[in-house]
Each structure stands twice: as C-alpha cells, then as structure tokens.
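Every chain is numbered from 1 and lettered A, B, ... according to where its sequence line falls, protein lines coming before strand lines.
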2 protein chains.
Amino acid sequence: MVTPLEKARKDPDSMKGKILKAARRVFGEYGFHGTTTRMIAREVGIDISTLYYHWGEKGDLYGAVILDITDDLRGKLEEVEKVIHGKPLGTRMDIAIDMMTDHLFERPEISNLILFRYFGKTRNQTGFDFHVPEFISDIALSMNLCRDKEDVSAGVMMHVLAIMNSIHNFISGENFFRPMLALERDEYILKVKETLKFIFIPAFSGSHQL
Amino acid sequence: MVTPLEKARKDPDSMKGKILKAARRVFGEYGFHGTTTRMIAREVGIDISTLYYHWGEKGDLYGAVILDITDDLRGKLEEVEKVIHGKPLGTRMDIAIDMMTDHLFERPEISNLILFRYFGKTRNQTGFDFHVPEFISDIALSMNLCRDKEDVSAGVMMHVLAIMNSIHNFISGENFFRPMLALERDEYILKVKETLKFIFIPAFSGSHQL
DNA sequence: GATTGTTTCCATCAATTGATGGAAATGTAC
DNA sequence: GTACATTTCCATCAATTGATGGAAACAATC
C-alpha cells in the first residue's frame, strides 16, 4: 500500500508534493498553532479546499511533515555514518559537523520543527512518535560512545542530545542570531561550524573514549 | 510612573500579579499562538474580561511576560557574576552552571519562552526587544572571553550563545527528554549539570583563554 | 447608608479558523 | 464526442478566538 506521504515524495511536482513542501516551510516557521491551513494554501497558490482534498485535516498534514523530516534526517545520518566510518574520532566529528550543518542550513525547517516538538506543547497533543531515542542511539554508536545500540547510558544519550541540539539551535536561530552578530550568511555558516568544533571536539577527544 | 508590570511584580498576590504568573506558565508551554486568553483566564480562575481589564490586549500581556522573564534572567546573571568573580575559569563555569540550571529548572517558562522567541516566528511580528546581545556580552566579560563589553567578537558571542542555549535546551526539553531517558527529576537535573560541565569546561579551559 | 470608584462577570461581537458539500473544470478511456 | 473519474474552486458552516459594553458585586469615603 502506498501512503499519501510516499506518493508526495515520489513526485515532488505533484500537488500533494507541492503542498507537503510548502507545509514544511510554513509549519517550520510558525509552528503548529501559528500556522493556518489558509497560509499553506496561499503559499502553494491554491484554494484551501484543494489542500483538504489531498491531505485531510490539518493534524494529518502536520503528521506527514513530521514523518517527512524525520526520514530526511535519518537518511542524512546514515549517509554521514558511511563517510566517517572507521576514521579517528576527531576526524569523524569534524566531517559529521560539516555535513550535517550544510544539509540543515539548506533545510532549516527540519531544525525548526524538531525544536518546536522538543520545547513546545501542542494543544491537542497527538502523539506523533519521533523516533528520537533510536536516532540518538545510532549517533552514539557511530561516535563510538557505546558498544551496543540497545544499551546506551543516559549520560551518553545526553552528550549526543547536546551536540544535535546545538546544531539545530544555530540553524534554527539564524534569523535571530545572524543580525545580532552582523554576519553575512556564508560567514555565519562558517562560524557555526567553527564554534561547534571548538566546543564539542575537545570534550570528546579527551580520555573519555571507549 | 509605575508600569503595570512593576505593579504586578511588587504585589504577586494581586490580580495583576496572578495573571502575569499564569501567563508566564501558559505562554511558556504553548507559545504565543498556542495560547488563548481564555486558557490563561481559566488558569487563574477568572473571567476572560477581567484579564483584559488588567492587561489590555493579548500582545501586551505577552510583552509584559517577555520583559518579566528578561529582567528575571538579568538579575540572576548579575547574582551569579557576584559569586564567581575573581575565581579561576573552571570554578567559575562550574558554579555558574550549577546556579543557572537550578534557577531555571524552577522556572522553566523562562527557557521555554526564550527558545520560542529564538526559533519561531509570531504572525504579527511585534518587535519586543530582547536585549540578548547585551546579556551575551556581559557573560562573555564575566567568563573573561573578552576585555571590553563593547567589543566582543562574533566568535566569542557564539561560544556564549552555545552555552546558554544548551542550558535552555535541557531545561525546556525536560518533558521530552526525561521520559526518553527514564530518569527521575533529581537524577535528570544532576545529569544535566554533569553533561554541561563535561562538554563546556574542556573547550574553554584549554589555551583559548585571554 | 448613600456616594463614588474599582473590580468582576455575563452576554455578545466580529473576525478567524478548521472543515465540508457541491458545482465547475480538467483530464482520461473508449 | 461521450462517459467517467479526478481535481479544483466557490460558498458556506460551526466553533473558536480576541475583544468590548454594561450590569452587577465589591470596596472605600464621608
């Protein structure tokens, strides 16, 4: 069976695909409650009922968006893991930070939406499963911070969370931080990478390695 | 002239004060658009029009909340600075992390609201000034990462942002992260402090000091 | 206890929002 | 071209939301 989401991803130029893409952007900027279905429809240039025809109720579309960015992120993490596999930790982190920040700076909705879900409540709390623990464990394994994906200590999970969240923070906070720092986009991206490496590499390249 | 906000803070048991306190909580949980004036009124146990009588329109109340938490944070930072002044950097960071996390874990709305403003847009963008740059410079000075408060490099500002945001992340994300880590509240708080110190102290106690 | 000012609530508004029915438009198969 | 299915839009609904006018309740002053 083909879900609407798979359909939309297979053909991004279809109406379903265009709506999904617009919904990612708008939900990412304004959050669930800050977004109206009319805003998304206007973004696509269609009538609101066309949107409902393709995606059903607002919550379902939001759910599809969350699934979409989750899969996107998972895919990228797997790609990174392939590249860095076997290299020494410092190099691994260096490359991973570069690849992840580049990817996310081109898709800031991902960071936005993830942070929205971490830090805000939705009035009609529908429990979209985020698969966060799974992600975090994979990264911990990839960083060689644990031996077994099924058995990651809380401390290690939190180290990984700190890294991922820091990345998301700088991506998602660009609109706020960059004017404040008076940097051009390129400079900002560069400085973000520098900062992340400056902070995270020393902590993990000490005696803490397995 | 006494502003409504000053009045509300001077007497937290007054209606103005009770509404402000409730507004902090609810706005903190659901964000600006996720919060309705009725939700706040219900939280206080009053009619919606009583709320409007005291605070005027929703945006004004939100503005007061933002000012309130900003002042709160500024005050705490000053207090911390007094305690850590003159001590060596490692100790300074150790104490600062302890004090700030303790303070914020008791007032998670602060972290919530700050992150909301960093990462989300509000439909009717009213530019509440956040005084963020000022804060960040003060912290940079307190950490001895710069000589002059008026002349802090973008790189240093970003280091400070990374620290503050990491703290806010763990406070604000407690509802999401703690169940995932299967920790009691006390354990979680302890592990947050450990994690923050583990990550940030090594980066700054190297050769990077002034 | 009557007068006056303050605070609270009830009733209600207009605008917005999520959502739908049904007609028109568009495409597809024969 | 006709029959049929799919897609799009217009008109509209009910519920929610921000906001207000005005009456009641309460408090203070004399």
Between I40(A) (CD1) and dT17(C) (C1'), how many Å, whole number?
-> 12 Å

Quickly work out the D47(B) CG to dT7(C) C1' distance and round it to whole Å.
-> 12 Å

Should the ring pair F177(A) and Y118(B) be called parallel, tilted or perpendicular, given that the plane angle runs from 0 to 90° and is split at 30 and 60?
-> perpendicular

Of the candidates dC9(C), dC10(D), dA19(D), the side chain of R38(B) sits closest to dA19(D)

Choose from dT8(D), dG18(D), dT17(C) the nucleotide whose nearest atom is closest to any side-chain atom of Y53(A).
-> dT8(D)

Phosphate contact (dT20(C) OP1 or OP2) by S49(A) side-chain N/O below 4.0 Å = no

T50(B) side-chain proximity, nearest of dA19(D), dT8(C), dC10(C) | dT8(C)

How long is the line joining CD1 of I48(A) and P of dT7(D), in whole Å?
-> 19 Å

Rounded interatomic separation in angstrom, taking CG from L61(B) and P from dT17(D) | 16 Å

Carboxylate-amine/guanidinium contact E79(B) K76(B), below 4.0 Å | yes

Sugar-phosphate only, base, or nothing, as touched by I46(B) at under 4.0 Å among non-hydrogen atoms = sugar-phosphate

Report yes if some heavy atom in the side chain of K58(A) is under 4.5 Å from a heavy atom in the side chain of F27(A); otherwise report no.
-> yes

Quick one: do the D72(B) and H103(B) side chains pair a donor with an acceptor below 3.5 Å?
-> yes

Heavy-atom side-chain contact between M180(A) and L161(B) under 4.5 Å | yes

Measure from the side-chain heavy atoms of H54(A) and tell me the nearest of dA19(D), dT12(D), dT7(D).
-> dT7(D)

Take the protein atom CH2 of W55(A) and the nucleotide atom C1' of dT7(D), then report the distance between them rounded to whole Å.
-> 16 Å

Between Y52(A) and dT20(C), is there a side-chain N or O to OP1/OP2 distance below 4.0 Å?
-> no

Looking only at side-chain atoms of E57(B), point me to the closest of dC9(C), dT8(C), dA19(D).
-> dA19(D)

For the pair made of CE in M15(A) and C1' in dC9(D), what is the distance, rounded to whole Å?
-> 12 Å

May I have the distance from K58(A) (atom NZ) to dT17(C) (atom P), rounded to whole angstrom?
-> 9 Å

Rounding to a whole Å, what distance do you find between D60(A):CG and dA19(C):P?
-> 8 Å

